[in-house]
Amino acid sequence: MKIDDVKIVTLDKKCNATDTLIPRFDSTGFKLDTFHLTRPYLKVIARFASDSTLNKKMEFVQYADSSISRHIKLNMLASVSSKALENELCNEHLDYQDARDKAYRKTARFFGYDKSDYDGSDVDAIGRDPYIFSRYFVSDSVFYSDYKNMAAAIANGEFGDTLYRTRAADDLVKYFKMDRWEAVRGMYEKQWVWPNAIGTTEQKTINLNVFPNFWENAYGFPYCTEELLGDTVVNMTRGSAFYDTTFICDQRHGISVTDEYHWRLINKTERELGPCLCTTRDYKERDSLYYSCNNFYWVQVTDPTTIVNLAVKACQEYYKNKLTTYRDTVYMCLREDYKDTVFENVILDRTRYIWTADTNTIKTIYPIAMSCVQELSMPCGDIDHKMICGKFYYCVNEKWEP
């Protein structure tokens, strides 16, 4: 969401508009130049552009008392409480402090929040943000309609029922990985990471998804913990878009952060091959095909070195220039030297061992017919020695050596 403009309406104690002020914007927010306020109450109206589903600007209202503070911080939870605050301030004629406290108690009740002194900006309210923002990724028309309905329900003293919570949980399950959550407090955190090769540091923004057990609470799941990693649970919440759907307990990022564990949707590859968790470093074989765990999905391995390493043996220094056969193809364990750029202009010499099936490379070590190479690559079994292509070879560690 990108703000288009803000206007501030000054109100008397009967909520009658007395003036309209247009603030200016700079890098720190919106500001009013020096002015004299004759009325204490302010109605702040922030307008945002919308997508094609709405075709009008979205207006979000927030009230403030300039006699208490000249600094106004706009936030969605305070805005969704504005209708309730307006009712207490303008219809019940409470003073601003009492009207605000009563309105925020209604907001706390709606969200099942247990703090009577909830003020719309408490950091603990992070867990309530998904009720508002998870629908933002559906469309602006859905999001804005929800916002207005929610504001009206809070003003009426209603409670966010199970169906409402379930719907919000469903949408958070669908959309919690989207980058645009960066604008929502608590979703992202900047961390320092250290490249392995050198001691320099690099700052990255990582989506931590720290909403504390939001859909777990809505669906009635037990909390996902380290002891339950890899366990599954079926969502039996009727009315949920994910009713009768399996979730699996997993880590969020494989790093130690607050609320590190959560239940996520199990995917098709996991139903077929088993859990592919955030920290899984494993391979699976099915019908003579190999799969690696990559970002929660089992992906078929196509790299020949990896396949032969798994199916036959690992190519390493001991097996340098040795031959093997896999599925009628001859492979040779090759030492490869290369340059590795690890950070900006830092280049290191590296060595790796890979299985290669390239006949030209193999012939640099075995300058004989490939049919002879094929025979040399086969295990020698119980035979001590034999002649291969006119030359005697001896069985050493189940391989033919001259």
Side-chain angles (χ1 to χ4, degrees), residues 1-11 15-33 35 37 39 41-66 70-91 100 103-104 106-107 110-111 120-121 125 128-156 160 164 167-168 171-172 174-176 178-188:
M1 294 172 63
K2 185 176 180 180
I3 194 166
D4 272 2
D5 55 70
V6 172
K7 67 178 179 179
I8 300 174
V9 180
T10 60
L11 307 173
C15 291
N16 297 312
T18 59
D19 199 1
T20 299
L21 309 170
I22 306 299
R24 59 183 175 83
F25 284 90
D26 62 21
S27 60
T28 62
F30 63 92
K31 295 181 178 180
L32 286 169
D33 293 320
F35 66 95
L37 280 176
R39 298 291 185 264
Y41 299 157
L42 304 178
K43 181 179 182 179
V44 183
I45 304 171
R47 300 201 305 169
F48 294 78
S50 66
D51 62 23
S52 59
T53 64
L54 192 59
N55 285 325
K56 66 178 181 180
K57 290 188 177 183
M58 299 181 288
E59 290 190 351
F60 299 93
V61 174
Q62 191 166 325
Y63 287 90
D65 185 346
S66 63
R70 294 295 181 94
H71 299 280
I72 304 169
K73 184 176 181 180
L74 300 181
N75 75 76
M76 192 61 72
L77 281 167
S79 180
V80 83
S81 307
S82 64
K83 196 171 184 66
L85 195 154
E86 179 182 288
N87 181 61
E88 303 300 333
L89 189 68
C90 303
N91 297 332
R100 193 195 71 163
Y104 285 157
K106 287 184 175 181
T107 304
F110 182 85
F111 289 118
S121 60
R128 302 326 180 242
D129 283 344
Y131 283 117
I132 303 172
F133 288 108
S134 61
R135 302 279 281 174
Y136 170 64
F137 299 102
V138 181
S139 71
D140 282 350
S141 60
V142 168
F143 166 64
Y144 194 49
S145 174
D146 268 16
Y147 162 80
K148 291 191 291 185
N149 291 338
M150 193 184 310
I154 291 171
N156 291 333
Y164 181 83
R167 187 181 66 182
D171 286 318
L172 186 59
K174 293 175 187 175
Y175 302 116
F176 81 94
M178 296 188 71
D179 290 339
R180 284 180 291 170
W181 277 104
E182 185 172 3
V184 180
R185 56 184 175 169
M187 263 314 267
Y188 278 69

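Heavy atoms only: backbone and side chains are in, while hydrogens, waters and symmetry mates are out.
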- [ ] Please check if atom NZ in Lys57 has more than 12 non-hydrogen atoms from other residues, nucleotides or ligands closer than 6.0 Å.
- [x]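 Yes - once you tally the heavy atoms of other residues, nucleotides and ligands closer than 6.0 Å, there are more than 12.
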Can a donor-acceptor pair be found, under 3.5 Å and without considering hydrogens, that links the side chain of [X] to the backbone of [Y]?
| X | Y | value |
| --- | --- | --- |
| Lys106 | Ala155 | yes |
| Thr20 | Val9 | no |
| Ser79 | Met76 | no |

Please find the pair of heavy atoms, one from [X] and one from [Y], that lie closest to each other, and give the distance.
| X | Y | value |
| --- | --- | --- |
| Leu74 | Gln62 | CA-OE1, 3.4 Å |
| Ser66 | Leu42 | CB-CD1, 4.0 Å |
| Ala103 | Ser81 | CB-O, 4.1 Å |

TODO: Please list, chain by chain and in numerical order, all residues satisfying side-chain hydrogen bond (donor to acceptor under 3.5 Å, both in side chains) with Ser50, sequence neighbours excluded.
DONE: none
Task: Student check: side-chain heavy atoms of Met58 and Tyr147 closer than 4.5 Å - done: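 No. Closest side-chain heavy atoms not under 4.5 Å.
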TODO: Answer whether the closest heavy-atom distance between the side chains of Tyr104 and Leu77 falls below 4.5 Å.
DONE: no
TODO: Could you tell me whether Arg100 and Asp65 make a salt bridge, using a distance below 4.0 angstrom between a side-chain N and a carboxylate O?
DONE: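 No, Arg100 and Asp65 are not salt-bridged.
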Task: Electrostatic pair Asp4:Arg47 at N-O distance under 4.0 angstrom - done: no
Pairwise distance [atom1]([X]) to [atom2]([Y]) - rounded to 0.5 angstrom:
| X | Y | atom1 | atom2 | result |
| --- | --- | --- | --- | --- |
| Glu59 | Lys7 | CD | NZ | 6.5 Å |
| Asp19 | Thr10 | CG | OG1 | 4.5 Å |
| Cys90 | Tyr41 | SG | OH | 9.0 Å |
| Asn16 | Leu11 | CG | CG | 8.0 Å |
| Ser82 | Phe60 | OG | CZ | 10.0 Å |
| Arg135 | Arg167 | CZ | CZ | 4.0 Å |

- [ ] Verify side chain to side chain contact (heavy atoms under 4.5 Å, CB included) between Lys83 and Ile154, making sure each step is shown before the conclusion.
- [x] CA-CA 8 Å; Lys83 196 171 184 66; Ile154 291 171; over 6 Å; no
Task: Within the 6.0 Å centroid threshold, strictly below: Phe48 and Tyr144 - done: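 Ring-ring flag for Phe48/Tyr144: false, centres at least 6.0 Å apart.
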